[in-house]
Visitor: 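One structure is given below, represented as structure tokens, and several questions about it will come after.
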Amino acid sequence: MSLADGVSVQDGVLAVGGVPLDRAFAALRRLEPGAGACWIYDLDLIEARARRFQAAFGPLGVHAGYALKANALPAILRRVRTAGLAAEAGSLGELRAAEREGFAAAERILNGNGRTAEEAEFAAREGVHSVNADHIGELDLLEAHAARAGSRVRVALRVNPGIATGGHDYVATGHEQAKFGVAAAEALEAWAARARWPHLKVDGIHLHVGSQLLEATPLEQAVETARQLAAESAGRGAPLGLVNLGGGFGVDYTGAGREFPLEAHAARLKGLLGALPLDRVMEPGRWMVAHAGVLLAQVLWVKRRRGAGEGSARRFIVLGAGMNDLIRPALYHAHHRIVPVRPRAGAHEPATVVGPVCESADVFERDVALPPLERGDLVALLDAGAYGAVMSSNYNGRGRLAELTVSGGRLTRVRAAEDAAALAARATEDTLDVG
Ligand code: LLP
């Protein structure tokens, strides 16, 4: 039986990439006796999805840059690179991570709305495919660094297309209240005035309308926006050469099978982009990795709290993972299916599944039907490969969890959990000279 692309049930036990999760956790505990949870990713699935993405959009001439912010684990970067993807970085840290994993200059796309001098210098000196500029003032900074480095940097202007995508406010980026991008009129002026920045090639348009889109319509509207603006800019004597359509391809978190229609979108894009003979870039993140990861957690406690009414006890399952590890439910009211690794026989009853962090928001799911669970049992939170570990923190003095990969049936710990020494290591006693 397969629950999602990434997990299956073998002889009654939940498995990732063919490795039973109870045995995986026992193996980790031999290295980390105190582990209460860990991340596990199926690298073969990530590579397969990366190849599927390439098969859909490669024939359209799309240069796809995997969005590192979704999950920048080096082992994952290596697999998406093997599948032929470039890298999309949102910060200097991600640019450096991409460089370390062998993504060449032409395979590095730089995003971000808080451009720093260090990022501009990296782009100018080390080279990038293109920079997506989030406002016009940024062009002067990029120009200064490109002039100093004697290089030429390609720039796409991020245009806020005024497209509402629905979904949680925090992942919608293309509507007019969002902080991202410039107005279309500002972009048109900058393209027309691009001779002002002789060390830049300001010939691109970037549109990223939002994340976790399950329908292609907003993305297709963005293509229409790009087409109109490209025509208008050409009419003003400043033809565009590059269109970057961002990411946003959503996945099914419910198990109902509702996925972003990738191949159908590619087929429609073929027609839409036919009228837009420009270099093409996309920036998929979540779609590549979400299904391929689980957050595996041990049940620390099962608490039954008597309610005000007679006999109605509320069941709380307290896990060894909390909101500091996977913040999506607390931050976006996101849902991740919670599946016992080795389900016990017995009736499904409601449970509120929580973490150990001292916050009322530290709840993964309320009143979800689950079979009996006991202290020490394992559960998996599914589809946690994207925006999981990368968003975790040390809140409540908790070390970040170990990360394991599976490939060809082999289990590897690719990142150790942070122990007490790692948590203490940043403490300093540096006297600062305040002049
Ligand atoms: N390009 C840009 C400019 C972006 O800002 C993002 C994501 C992507 C590409 C990749 O988007 P994707 O294909 O993954 O949807 N933490 C949130 C999602 C935030 C997305 C941020 N930007 C979550 O957990 O749902």
Side-chain angles (χ1 to χ4, degrees), residues 46 49-50 53 56-57 62-72 76 80 85-91 94-95 98 108-115 119 128-135 156-161 163 165-175 178-182 204-216 218-219 222 243-253 259-260 262 265 281-293 295 323 325-336 364 381 383-393:
I46 291 171
R49 286 179 78 87
F53 195 93
F57 296 103
V62 168
H63 191 58
Y66 167 65
L68 265 69
K69 60 177 80 66
N71 192 329
I76 291 178
V80 299
L85 272 93
E88 181 271 320
S91 67
E94 289 183 349
L95 264 182
R108 302 191 291 250
I109 298 150
L110 177 60
N111 260 303
N113 73 312
R115 185 70 56 237
E119 289 166 357
V128 291
H129 171 277
S130 50
V131 176
N132 297 316
D134 192 71
H135 77 132
L157 290 171
R158 180 161 181 177
V159 172
N160 183 316
I163 296 173
T165 51
H168 197 283
D169 230 29
Y170 288 2
V171 292
T173 49
H175 58 92
K179 68 173 179 174
F180 297 104
V182 299
I205 177 166
H206 177 232
L207 296 148
H208 170 77
V209 292
S211 198
Q212 182 50 12
L213 308 175
L214 290 174
E215 282 173 9
L219 288 170
V243 57
N244 181 332
L245 296 169
F249 314 96
V251 301
D252 176 32
Y253 284 100
E259 292 274 346
F260 181 88
L262 201 76
H265 176 55
V281 173
M282 283 186 183
E283 304 169 336
R286 183 194 317 267
W287 189 89
M288 222 63 81
V289 291
H291 286 321
L295 173 57
M323 66 186 287
D325 301 305
L326 178 64
I327 201 176
R328 302 192 69 255
L331 189 59
Y332 313 117
H333 297 131
H335 296 278
H336 288 264
F364 290 118
L381 281 79
D383 306 314
Y387 305 111
V390 284
M391 293 181 77
S392 61
S393 77

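Values below: all heavy atoms of this structure, side chains included; hydrogens, waters and symmetry mates excluded. Numbering of ligands and ligand atoms starts at 1, following listing order.
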Visitor: For G248, is the nearest heavy atom under 4.0 Å from an atom of ligand 1?
Guide: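 The answer is yes, since G248 has a heavy atom less than 4.0 Å from ligand 1.
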Visitor: Please work out whether the ring planes of F57 and F53 are parallel, tilted or perpendicular, with thresholds of 30° and 60°.
Guide: tilted
Visitor: Where's the contact between S211 and ligand 1, heavy-atom distance under 4.0 Å: side chain, backbone, both or neither?
Guide: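 It is both backbone and side chain that touch ligand 1.
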Visitor: List ligand 1 atoms under 4.0 Å from G247, heavy atoms only on the residue side.
Guide: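 Ligand 1 atoms under the 4.0 Å threshold to G247: 9 (C), 13 (O).
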Visitor: Short list, please: which atoms of ligand 1 are under 4.0 Å from a heavy atom of A67?
Guide: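 Counting from 1, the qualifying ligand atoms are 10 (C).
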Visitor: Among the heavy atoms of W287, does any lie under 4.0 Å from an atom of ligand 1?
Guide: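 No; W287 lies far enough from ligand 1 that no heavy-atom distance drops under 4.0 Å.
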Visitor: Test side-chain contact (heavy atoms from CB on, under 4.5 Å) on L219 and L245; report intermediate values, then the result.
Guide: CA-CA 7 Å; L219 288 170; L245 296 169; 5.5 Å; no
Visitor: Picking from R158, E283, R115, what satisfies side chain to side chain donor-acceptor pair (under 3.5 Å) with N132?
Guide: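 Going through R158, E283, R115 one by one, the side chain to side chain donor-acceptor pair (under 3.5 Å) with N132 is satisfied by E283 alone.
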Visitor: Just to be sure I read this right, does ligand 1 sit under 4.0 Å from the backbone of R328, its side chain, both, or neither, counting only heavy atoms?
Guide: side chain
Visitor: Would you say E283 has any N or O atom under 3.5 Å from an N or O of ligand 1, going by distance alone?
Guide: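 For ligand 1, there is an N or O atom that lies under 3.5 Å from one belonging to E283.
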Visitor: Run the numbers for me: atoms of ligand 1, each under 4.0 Å from some heavy atom of N111, listed by number.
Guide: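 In order of number, 3 (C).
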Visitor: Out of R286, K69, M288, who is nearest to atom 22 (N) of ligand 1 when you count heavy atoms only?
Guide: K69
Visitor: When you compare ligand 1 with P284, is there at least one nitrogen or oxygen pair between them that comes in under 3.5 angstrom?
Guide: no
Visitor: Output the list of atoms in ligand 1 that are nearer than 4.0 Å to some heavy atom of M391, sorted by atom number.
Guide: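 Ligand 1 atoms under the 4.0 Å threshold to M391: 16 (N).
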Visitor: List every atom of ligand 1 that sits less than 4.0 Å from any heavy atom of G285, numbering the atoms from 1 in the order shown and giving each element.
Guide: 12 (P), 13 (O), 14 (O)
Visitor: Assess the residue pair E88 and K69 against the criterion (side-chain contact (heavy atoms from CB on, under 4.5 Å)); give the C-alpha distance rounded to whole Å, side-chain angles, the decisive distance to 0.1 Å, and a yes or no.
Guide: CA-CA 8 Å; E88 181 271 320; K69 60 177 80 66; 3.0 Å; yes
Visitor: Going by distance only, is there an N or O of R158 that falls short of 3.5 Å from an N or O of ligand 1?
Guide: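 There is no such contact.
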Visitor: Distance under 6.0 Å and angle within 45° of the ring axis: does R286 meet both against Y387?
Guide: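 No, a cation-pi geometry is absent between R286 and Y387.
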Visitor: Taking G247's backbone N and O only, do any of them form a donor-acceptor pair with H208's side chain (distance below 3.5 Å, no angle check)?
Guide: yes
Visitor: Evaluate the ring planes of H336 and Y253, with Trp represented by its six-membered ring, and classify them as parallel (under 30°), tilted (30 to 60°) or perpendicular (over 60°).
Guide: perpendicular
Visitor: Say whether E259 and H291, considering side chains only, have a donor N or O and an acceptor N or O under 3.5 Å apart.
Guide: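 Distance-only check passes for E259 and H291.
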Visitor: Is a donor on one side and an acceptor on the other found under 3.5 Å between the side chain of D134 and the backbone of G181?
Guide: yes
